[in-house]
Amino acid sequence: MVEAKLNYDQLKAVSCTGGPLLILAGPGSGKTLTITDKVARLIESFSPPEKIIALTFSEKAADEIQNRIEKKIGNATGITISTFHSFCNDLIRDFSMDIGINHGIRLISKEHSHVWSIKNIDSFNFEYIPIPIMPSDLIKNLLEGTSQFHDQLISPEELGEYVQGQLSSEGEMNVDEIDKLQKLADLAKFYHNYQKYKWNNNFIDYDDMITLACRLLERNEIVRKRIQQLYDHMLVDEFQDTNYAQLHLVHLLADGGGNLTCVADDDQCIYRFRGAYLSNIDQLGELYPSLEKIALGINYRSAEPIVKLSQELISQNPDRQEKQLVSNNGGIAPVKVVKAPNDVSEAEWVAGEICRLLDEKIVEQKDIYILTRKRADGKKFSDALKRHMVPVEYVGSLQINDLPLIQDALAYMHFVADPFNNGVAFANILFREGGTEHTLQKINIMAGKLQEMDNMQGDGIYSVLLHHLDELDLEQADLVKSILERLQELIEYKKKHLPSDTLKHLLMNITDLYRSQAHENSKNSHRNIEVLNSLVKIVEDLELIDGSAEFELVMEHLELVFDLEIEGSESTDDNTVKVMTIHQSKGKEAKVVFVCDMATRHLPLQYKSKKFTVPFKLIKGVQRDVDEKVLHLEEERRLAYVAMTRAKEQLYLVFPERYTGNVKGVKSSQFLEDIRFASNPLVELIEAEQVEEQFELDTDSPLKRKMAEQESLINMYSKQGQLTHAIESLVMLAQLKELEKSGNPDNLDFVHPELAELRVVDVSEGIVGAVVERVKGIVDRILKEDFEVREEPTCRFCDYKRICEFHET
DNA sequence: GTCGACCCTTTTTTT
DNA sequence: AAGGGTCGAC
């Protein structure tokens with residue numbers, strides 16, 4: 001059954017079953033093959049499969065190992081293959097009595113934690129951390145901070161004691177150190193309160209799963225012995241990515257370590273920011289002195305130049321585990337380093353090259369990856385490929401906040417939560433359902449009149465809808481009435497139902513938001529449905545806060561969630577070019593890989609110090625006493641290494657010399673210098689040509705300046721109550737924005753035909769002043785002619801939705 | 001050394 | 001939305 005195509009080292013690793021074993025597996029060295037073979041061999045030699053456990057980090061990794069093993073020895077293997085979290089989660093539930101928790105414990109969502117923290121920020125009695133008006137960032141840092149202490153199994157009490165001890169000791173400290181300690185004192189308070197809240201309300205987060213499992217095994221010898229006896233063999237995948245807590249867990253489970261096999265590649269440790277703990281590999285050696293290390297040194301994935309070049313890079317990191325990687329595949333195609341004059345040309349060049357590869361049938365779409373350090377950097381490539389009609393997938397999580405679909409749904413929800421004060425939301429709804437500016441304006445004017453007579457609640461819009469609709473003599477009266485009826489139904493509905501049910505009712509019955517997507521059968525509509533579902537999910541999560549389930553409160557909470565983010569569903573076998581971050585590419589491979597934006601501040605990403613860090617003295621286990629900045633650079637180098645080693649046949653390293661919006665140019669990545677790209681025989685240097693940007697308007701263009709100027713004018717005028725002037729600036733700003741967006745003044749005639757006469761040429765340097773004067777002149781006249789009514793104190797009385805929105809914010 | 005211009009992450013984990 | 005941190009220029 002076990003295939004005999006293993007190499008010497010792999011075979012050695014497979015047959016080594018006597019004691020603790022660490023397999024050092026470089027990229028493409030047949031890691032998964034080796035562990036699946038090892039499992040297969042164990043079963044063949046009559047080890048009961050149910051006494052074998054494999055722990056991974058991601059479900060994906062767990063699935064892959066599961067599949068590979070099933071392929072080898074058939075289904076229903078009986079082996080436990082599980083993620084750390086899932087394993088701990090089960091453990092906690094099985095032994096909830098021993099831990100003293102309720103069996104019905106639930107997972108707390110990120111949104112929930114976030115909102116709870118904001119709402120309770122004042123109750124933590126911070127002494128040193130000032131609380132900003134918008135505490136979102138602070139909360140993020142606090143939650144991140146507590147997570148770091150979780151990773152190190154440091155309880156709030158332990159942290160608090162340490163900090164107090166340090167602060168009251170007479171030792172000499174500089175101002176910075178004291179400041180850090182004081183902030184940590186506040187963090188300890190937050191940490192303590194957060195833990196207490198979760199505990200009292202039967203919630204746990206992902207960190208708690210690991211921590212609680214550790215505590216259980218640590219304190220309860222009977223349970224520990226029982227669990228240890230459950231497993232004869234234990235495999236840990238991607239061991240370099242474990243944090244201290246996970247190492248500790250492994251140690252508690254692996255009785256004596258005789259049954260333990262860890263697979264690691266220290267060069268691919270790229271999760272330090274979430275506690276991954278490179279020195280765990282050293283720590284393992286200390287825990288198990290008999291630990292055997294076997295390095296798998298043959299790369300079966302990449303062509304020789306790729307392996308050699310990536311080795312040249314990674315070998316510049318200090319303190320690596322001893323191992324070398326050689327390519328088994330030959331290949332002479334050099335690695336291509338591409339220099340582009342700017343980021344636009346960079347994306348264009350990559351798209352062009354991909355078209356060439358596809359046209360010449362060298363590879364298919366699915367064989368191509370585009371990798372960037374930051375997800376945002378990938379967008380230009382995704383866009384460029386779309387322009388070239390190449391099927392592309394922009395892998396990763398999705399900001400759902402500014403999707404039109406979500407904004408539409410939110411508009412209804414806002415209105416339902418507080419109909420008297422959500423005129424803007426109503427405007428959105430009206431437009432969405434086909435209402436015209438004219439209709440809105442009529443409603444607005446009436447609302448204004450009511451306001452004058454002081455005869456209404458809130459902004460007057462809802463009052464108009466309720467009592468004065470007939471007086472308006474609207475052409476779209478039926479539409480408005482229909483909208484009103486449905487909104488009223490929802491307002492009634494919400495009183496008797498859960499907010500999430502109200503939302504469902506809104507999506508499914510009251511509007512066509514859901515149905516219109518369900519009927520369509522495009523990729524886009526599938527995504528939209530996912531997005532709507534996740535909105536429902538988020539609302540369901542928020543309902544749990546404070547046990548309150550009022551619609552208004554949930555809406556308030558929703559406002560507090562800074563950015564709503566959902567995971568993009570990963571389409572599996574689609575034949576598309578994949579644009580993703582280096583992190584996302586880990587463990588994957590493709591024939592052709594473009595590693596892009598290899599430039600200063602982009603590939604070694606600019607170092608940024610964390611708000612809260614675990615003090616050196618509290619760090620458990622072995623740790624190098626090295627500057628954070630140095631560790632950062634080393635990790636970035638590993639990221640570059642991971643990125644490069646994804647490529648099987650052809651690797652491109654691409655960088656622009658300038659970014660749009662930046663005043664200065666950028667240097668190429670330090671890592672490109674590290675491999676002496678200009679003179680390295682493994683490299684072929686290519687210079688991409690400059691492509692003309694369609695509408696080149698840099699930040700300090702006269703147009704942009706003018707816009708900024710208008711914006712500040714608007715602020716000033718509206719504060720001073722000089723509304724005529726404010727409106728003037730508003731209108732002009734809208735024109736400028738339109739002009740910027742389209743580069744084409746023809747689109748401007750919705751204000752006045754005279755604007756159409758303006759030419760694009762006029763926008764160029766120096767002439768903008770004149771154009772603006774002209775726009776201003778036109779606007780002046782327009783204001784006098786038709787829109788006297790705009791002098792009213794709110795922008796409900798100006799005709800343009802765009803301007804309204806701007807003014808309202 | 002100091003000043004000033006510039007720019008501003010990455011992300012898994014459960015039922 | 002903006003201040004703080006970092007790095008380059010002098």
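Letters A, B, ... are given to chains in the order of the sequence lines, protein chains preceding strands, and every chain is numbered from 1. Please read these numbers as outputs of a predicted model, since none were measured by experiment.
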Notebook entry, point to check: How about A:Asn342 and A:Ser345: does a side-chain donor come under 3.5 Å of a side-chain acceptor?
Noted result: yes
Notebook entry, point to check: What integer number of Å spans the P atoms of C:dG3 and B:dT12?
Noted result: 32 Å
Notebook entry, point to check: Rounded to the nearest Å, what distance is computed from the NE2 atom of residue A:His583 to the C1' atom of nucleotide B:dT10?
Noted result: 4 Å
Notebook entry, point to check: For B:dT15, does OP1 or OP2 lie under 4.0 Å from any side-chain N or O of A:Asn89?
Noted result: yes
Next item on the list: Could you measure between the two P atoms, the one in B:dT9 and the one in C:dC7, and give it in whole Å?
Entry: 14 Å
Notebook entry, point to check: NA contact type, A:Arg373, heavy-atom cut-off 4.0 Å: base, sugar-phosphate, or nothing?
Noted result: base
Next item on the list: Compute whether any side-chain donor of one residue and acceptor of the other, for A:Tyr194 and A:Thr146, lie under 3.5 angstrom apart.
Entry: no
Check: For A:Asp208, which contact category applies under a 4.0 Å heavy-atom criterion: base, sugar-phosphate, or nothing?
Finding: nothing
Note to self: Quick one about A:His248 and A:Gln283 (side-chain donor to acceptor, distance below 3.5 Å, no hydrogens or angles considered), yes or no?
What the structure shows: no
Checklist line | Protein-nucleotide distance (A:Ile105, atom CD1; B:dT14, atom P), rounded to Å | finding: 16 Å
Check: Taking a pair as Watson-Crick or G-U wobble with both distances under 3.5 Å, which nucleotide is matched to B:dT10?
Finding: none
Next item on the list: Could you check whether A:Glu59 gets within reach of a base, just the sugar-phosphate, or nothing at all, counting any heavy atom under 4.0 Å?
Entry: sugar-phosphate
Note to self: Both distances below 3.5 Å, Watson-Crick or wobble geometry, any strand: find the nucleotide opposite C:dA2.
What the structure shows: none
Next item on the list: Tell me yes or no: between the side chains of A:Gln584 and A:Thr581, is some donor less than 3.5 Å from an acceptor?
Entry: yes
Note to self: Heavy atoms only, 4.0 Å cut-off, all strands: where does A:Phe84 land among base, sugar-phosphate and nothing?
What the structure shows: nothing
Check: Does a distance-only test, which skips hydrogens and angles, find a donor-acceptor pair under 3.5 Å between the side chain of A:Tyr206 and the base of B:dT14?
Finding: yes
Item checked: Any A:Gln606 side-chain N or O less than 4.0 Å from OP1/OP2 of C:dG5 -> no
Margin query: Please determine whether a side-chain nitrogen or oxygen atom of A:Ser86 lies at a distance below 4.0 Å from atom OP1 or OP2 of B:dT13.
Written below: no
Next item on the list: For A:Leu371 and B:dT9, give me the distance from atom CG to atom C1', rounded to whole Å.
Entry: 16 Å
Next item on the list: Go through the steps for A:Asp237 and A:Lys31 under the test salt bridge (Lys or Arg N to Asp or Glu O under 4.0 Å), then give the verdict.
Entry: CA-CA 9 Å; A:Asp237 192 24; A:Lys31 175 194 78 173; 3.4 Å; yes
Item checked: Value in whole Å for how far the P atom of C:dT6 lies from CG of A:Leu633 -> 14 Å
Check: A:Glu144 has an atom CD; how far is it from atom C1' of B:dT12, in whole Å?
Finding: 14 Å
Item checked: Separation of B:dT9 C1' from A:Arg601 CZ (nearest whole Å) -> 14 Å
Item checked: N/O (side chain, A:Lys374) to phosphate O (OP1/OP2, B:dC8) under 4.0 Å -> yes
Notebook entry, point to check: Considering Watson-Crick and G-U wobble pairs with both distances under 3.5 Å, what does C:dG8 pair with?
Noted result: B:dC3
Notebook entry, point to check: At what distance, to the nearest 0.5 angstrom, does CG of A:Leu371 lie from CE of A:Met644?
Noted result: 11.5 Å
Notebook entry, point to check: Roughly, in whole Å, what's the span from CD1 in A:Ile210 to P in B:dT14?
Noted result: 10 Å
Next item on the list: To the nearest Å, give me how far apart CG (A:Leu603) and P (B:dT9) are.
Entry: 15 Å
Check: If only side-chain N and O atoms of A:Thr581 are considered, is one of them under 4.0 Å from the OP1 or OP2 phosphate oxygen of B:dT11?
Finding: yes
